[in-house]
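First comes the structure, then the notes that go with it.
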Amino acid sequence: MKINKKSPLPIYYQIQEMIRGKLESGEWPPGYMLPSERIFAEEFDVSRMTVRQAVTELVSEQLLTREKGKGTFVAEPKIEQMLQGLTSFTEDMKARGMKASSELQLFQMEEADVATARLLQLKGGSVYRMERLRLADNKPMALENSYLHAEMFPGLGEEAASGSIYKRLEQDYGITIGSADQSLEASLASEREAELLGIVPGAPVLLISRTTYTADGEPFEHVISSYRGDRYKFRIHMPR
Ligand code: GLP
């Protein structure tokens, strides 16, 4: 690795290009820990400030991540998700050759609050509330809080939460999932979300709120999910 100090290109820029080259070639794969600033600076015979400048820009481009007390790492690539098409988390990950799994945080039957009761058009008032950490290839991606229409799914047990809930509801309760209304907004991870998602409190998350209907138009779930902002990117095709 050579730096040309006579070049009109700034030194920090040359270091950055060298790092970009290693990322593009795969020589430094996702999760790879970069040499420390000190080692970098010694190797190139430049100041640590210059190295820091190069790295900081790549961190803000989300190509690298800094972990407090640990070091700087090559970031995992973002998952790109189309916004059209009603799919489940399990299906989304499978389509990418990744394995979906869940860590159940909470499963209980409870009285729905007014907003959820309205969204689910509840008569009885009860919902199953299920909080799941969703993982792809064992890495946390999203924290989902689901409220399911309890009367529609009698006897639903907590084991239903371990796999695909959509598959379970379709197979065991015979529903056909028809459509969903979804909104997406920016938010910041709370302490708890951050701990579960493996990010720092206040890191950006995408808050996705979905109400899902059967093919007959009956709402059966309302889900509020926090997706890691550093791992997800949503795309939509917009014909005019
Ligand atoms: C996505 C949606 C959720 C939905 C879930 C079902 O993650 N954001 O609203 O409940 O998929 O996924 P699965 O069937 O894998 O449990």
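Just so you know, ligand 1 is whichever comes first in the structure, and atom 1 is the first atom listed for that ligand. Keep in mind the model is a prediction, meaning the values are calculated, not measured.
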Q.
What I'd like to find out is whether the side chain of T65 reaches to under 4.5 Å of the side chain of E76, using heavy atoms alone.
A.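 Answer no - side chains too far apart.
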Q. Is there a heavy atom in R132 that sits closer than 4.0 Å to ligand 1?
A.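 True for this residue.
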Q: Determine whether any heavy atom of S102 lies closer than 4.0 Å to an atom of ligand 1.
A: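 It does not, in that no heavy atom of S102 comes within the 4.0 Å cut-off of ligand 1.
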Given [options], which has its nearest heavy atom closest to [atom]?
atom	options	answer
atom 13 (P) of ligand 1	V223, I208, I224, I165	I165
atom 8 (N) of ligand 1	F89, Y166, Y227	Y227
atom 1 (C) of ligand 1	E144, E221, R168	E144

Q) Is it true that D230 and R228 have a side-chain N and a carboxylate O under 4.0 angstrom from each other? A) yes
Q) Salt bridge or not for E91 and K94, using N-O below 4.0 Å? A)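 Looking at K94 together with E91, the answer is no, because their closest N to O distance does not fall below 4.0 Å.
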Q | Close-contact set for ligand 1 against G163 heavy atoms, below 4.0 Å | A |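 The atoms of ligand 1 under 4.0 Å from a heavy atom of G163 are 16 (O).
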Q) Atoms of ligand 1 less than 4.0 Å from T90 heavy atoms? A)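 Once the distances to T90 are compared, the set is 13 (P), 15 (O).
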Q: Please work out which of the three classes, parallel, tilted or perpendicular, describes the rings of Y232 and Y227, given edges at 30° and 60°.
A: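 Because their plane-to-plane angle is over 60°, the rings of Y227 and Y232 count as perpendicular.
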Q. Nearest to atom 14 (O) of ligand 1, what protein heavy atom do you find, and at what distance?
A.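 Result: S164 OG, 2.5 Å.
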Q: With heavy atoms under 4.0 Å as the rule, classify the contact between R134 and ligand 1 as side chain, backbone, both or neither.
A: side chain
**Q.** Worked verdict on R168 versus E159 for salt bridge (Lys or Arg N to Asp or Glu O under 4.0 Å)
**A.** CA-CA 10 Å; R168 174 74 193 260; E159 79 294 341; 3.2 Å; yes
**Q.** Heavy-atom donor-acceptor pair, Y128 side chain to F153 backbone, under 3.5 Å
**A.**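 Yes, the answer is positive, given that a donor and an acceptor are paired below the 3.5 Å cut-off.
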Q. Does any N or O in the side chain of E185 come within less than 3.5 Å of the main-chain N or O of L207, such that one atom is a donor and the other an acceptor?
A.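 Such a contact is absent between E185 side chain and L207 backbone.
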